[in-house]
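If you read the sequence from its start, that first residue is 1, and numbering goes on from there. Just follow the structure's listing: the first ligand is 1, and inside any ligand the first atom is 1.
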Amino acid sequence: MKYTTIVGMEIHVELKTTSKMFCGCKNDPFHAPKPNMYTCPVCLGMPGGLPVPNKKAIEWTIMLAQALHCQIAAISKFDRKNYFYPDLAKGYQISQYDQPIGEHGQITIRTVDTPGTVQEKTIRIRRVHLEEDTGKLQHATIDGKKVSLVDFNRSGVPLVEIVTEADIRSGEEAKAFLKELHKIVRYLGISDANMEQGSMRLEPNISVKQATTDSEDGLIDEKDFPPYKVEVKNINSFNYVKKAIEYETKRHIELLEQGELPQQETRGWNEHKNETFSQRRKENANDYRYFPDPDIPPLRFSSTMLEKIRNSIDELPQEKSQRFVATYRISVPQAEFLTEDLAMTEYIEDVWKQAGSRLTPTVIANWIINKKIAAQSVSPDELIQAIITATTVEEISDETIQQAIGKVLSEQPKAVSDYKSGKTGVMMFLLGMTIKELKGKGDKSKIQEQLASSLRV
Ligand SMILES: [Zn+2]
């Protein structure tokens with residue numbers, strides 16, 4: 001039996017605004033010297049605390065939604081998502097329900113295989129909305145007693161949620177998608193998107209169905225989705241997402257083969273055992289009793305405002321990668337690698353421009369990639385000089401090569417006679433000896449050519 005894995009992603013990204021989403025408290029939970037330092041009546045949910053939305057956070061969410069090719073709502077609003085948890089002081093989270101800031105976007109993922117063929121696939125973005133983060137629970141043992149502590153430094157930090165359509169078909173695709181989204185967020189400069197610190201958190205929704213023929217565009221109609229899905233919560237690495245999807249796929253197939261339907265539930269990821277574990281039954285949206293937040297008026301975005309934000313978006317990773325290939329004639333894998341980090345793209349463009357005709361962009365790109373040069377670790381000029389010096393030293397004259405070949409051939413009469421009697425395989429041995437004699441200098445194909453012509457004599 002053939003099966004298809006169906007995955008949609010939910011990604012939470014903390015915005016690095018100066019202050020929190022609905023109050024003036026400092027937004028820097030990860031570096032706070034003590035728990036509960038950056039708090040006030042608003043983010044502690046005290047009576048009388050009134051939320052005032054953070055303009056920068058709204059602009060940045062619009063910017064991200066635009067970069068993901070979303071339609072931006074003319075009118076958007078905040079809603080209350082009601083549930084109880086000790087890290088949620090108010091008893092509800094301010095989020096967005098039916099009028100998110102952005103909808104109907106997409107990301108194109110590009111994978112390059114070994115021969116250098118570029119494969120493209122589009123993952124649709126269902127929505128991009130803005131909400132507030134919760135506090136953080138810590139479980140500890142104090143005086144021999146097991147206790148749970150709560151830290152509200154993170155309570156009310158602006159949090160963007162990005163939800164995809166269920167267009168992802170494998171762990172590998174999920175990883176490629178997440179890497180691209182991560183790059184975009186970092187290029188926009190709106191979040192550290194640091195997974196270890198929890199400023200980017202990943203949740204795949206996974207189900208498996210018996211394979212039928214997909215429509216031509218590879219999309220599966222929502223009505224043909226399996227009647228269940230499993231959400232794996234708060235994963236903090238692209239690799240773990242990939243592994244969790246692969247683990248769940250296998251688990252679901254085993255159940256389906258036994259005629260059972262996997263449970264609709266929320267699961268956690270155990271990174272030590274490389275497996276998921278059951279946490280709780282999954283809730284439905286209507287369990288949260290969403291309703292518009294009466295304290296916050298609806299948001300209206302003028303076309304002038306949207307245009308201004310759109311114009312502030314600089315070149316995004318894929319545009320940059322394509323321009324590097326077109327302008328500097330480097331290969332697609334080189335461009336993909338070099339555009340992973342914005343600081344690197346700025347650095348290498350400086351080096352390329354300053355090198356002028358002294359070095360080709362490909363030589364520079366190879367050097368930076370192979371020697372693992374970090375952006376700005378040496379000045380462009382020093383780097384150019386270093387590459388020129390290194391490549392000049394390695395050039396050696398034909399006479400030197402000839403001398404080395406002569407020496408090797410006279411020292412290896414058996415190999416020479418073997419070669420002449422038809423055992424051409426010894427050529428590689430003689431080439432190795434010659435390269436050793438030349439201490440690794442010189443162009444290898446040129447040495448091989450001269451060696452071959454010497455042997456023909
Ligand atoms: Zn506050």
Side-chain angles (χ1 to χ4, degrees), residues 11-65 76-97 99-101 128-140 147-162 185 188-201 234 236 288-301:
I11 304 102
H12 284 95
V13 176
E14 279 180 352
L15 298 177
K16 56 173 184 187
T17 49
T18 315
S19 57
K20 290 188 180 179
M21 186 60 223
F22 297 109
C23 61
C25 289
K26 190 170 177 182
N27 170 17
D28 195 13
F30 196 76
H31 300 104
K34 278 193 292 184
N36 297 306
M37 268 196 86
Y38 306 146
T39 54
C40 73
V42 174
C43 57
L44 288 177
M46 289 183 175
L50 280 174
V52 178
N54 183 323
K55 190 172 173 223
K56 190 76 196 169
I58 293 169
E59 288 172 353
W60 281 357
T61 307
I62 293 174
M63 187 194 268
L64 174 60
S76 184
K77 69 172 166 66
F78 286 106
D79 301 281
R80 291 187 179 178
K81 179 181 182 182
N82 300 278
Y83 67 99
F84 171 78
Y85 207 66
D87 63 9
L88 187 71
K90 297 194 295 294
Y92 62 85
Q93 178 191 28
I94 306 180
S95 181
Q96 296 196 286
Y97 184 48
Q99 285 173 278
I101 287 179
V128 173
H129 76 245
L130 182 55
E131 58 189 31
E132 56 176 344
D133 211 343
T134 59
K136 204 169 183 177
L137 287 182
Q138 268 178 36
H139 306 287
V147 294
S148 291
L149 306 168
V150 60
D151 174 10
F152 287 105
N153 282 337
R154 199 180 69 176
S155 171
V157 164
L159 193 64
V160 173
E161 181 172 335
I162 301 127
V185 169
L188 294 173
I190 59 176
S191 172
D192 294 328
N194 183 323
M195 273 156 297
E196 271 162 35
Q197 296 179 3
S199 56
M200 183 168 179
R201 310 197 283 269
N234 288 332
N236 65 359
Y288 288 114
R289 295 153 27 246
Y290 280 96
F291 66 90
D293 193 308
D295 292 335
I296 311 170
L299 310 164
R300 283 164 220 275
F301 309 130

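Here the two rings, on Phe22 and Phe78, have centers that are under 6.0 Å apart.
By the 30° and 60° cut-offs, the orientation of the rings of Tyr290 relative to Tyr97 is parallel.
Applying the side chain to side chain donor-acceptor pair (under 3.5 Å) rule to pairs touching residues 31-53 yields Asp28-His31, sequence neighbours excluded.
Inside a sphere of radius 2.8 Å centred on the Zn ion (ligand 1), the protein N/O/S atoms present are Cys23 SG, Cys25 SG, Cys40 SG, Cys43 SG.
Without hydrogens or angle criteria, Asn82 side chain to Arg289 main chain gives a donor-acceptor distance under 3.5 Å.
In summary, Asp79 and Lys81 do not engage in a salt bridge, as defined by a charged side-chain N under 4.0 Å from a carboxylate O.
A donor and an acceptor atom, one from each side chain of Ser95 and Glu131, are located under 3.5 Å apart.
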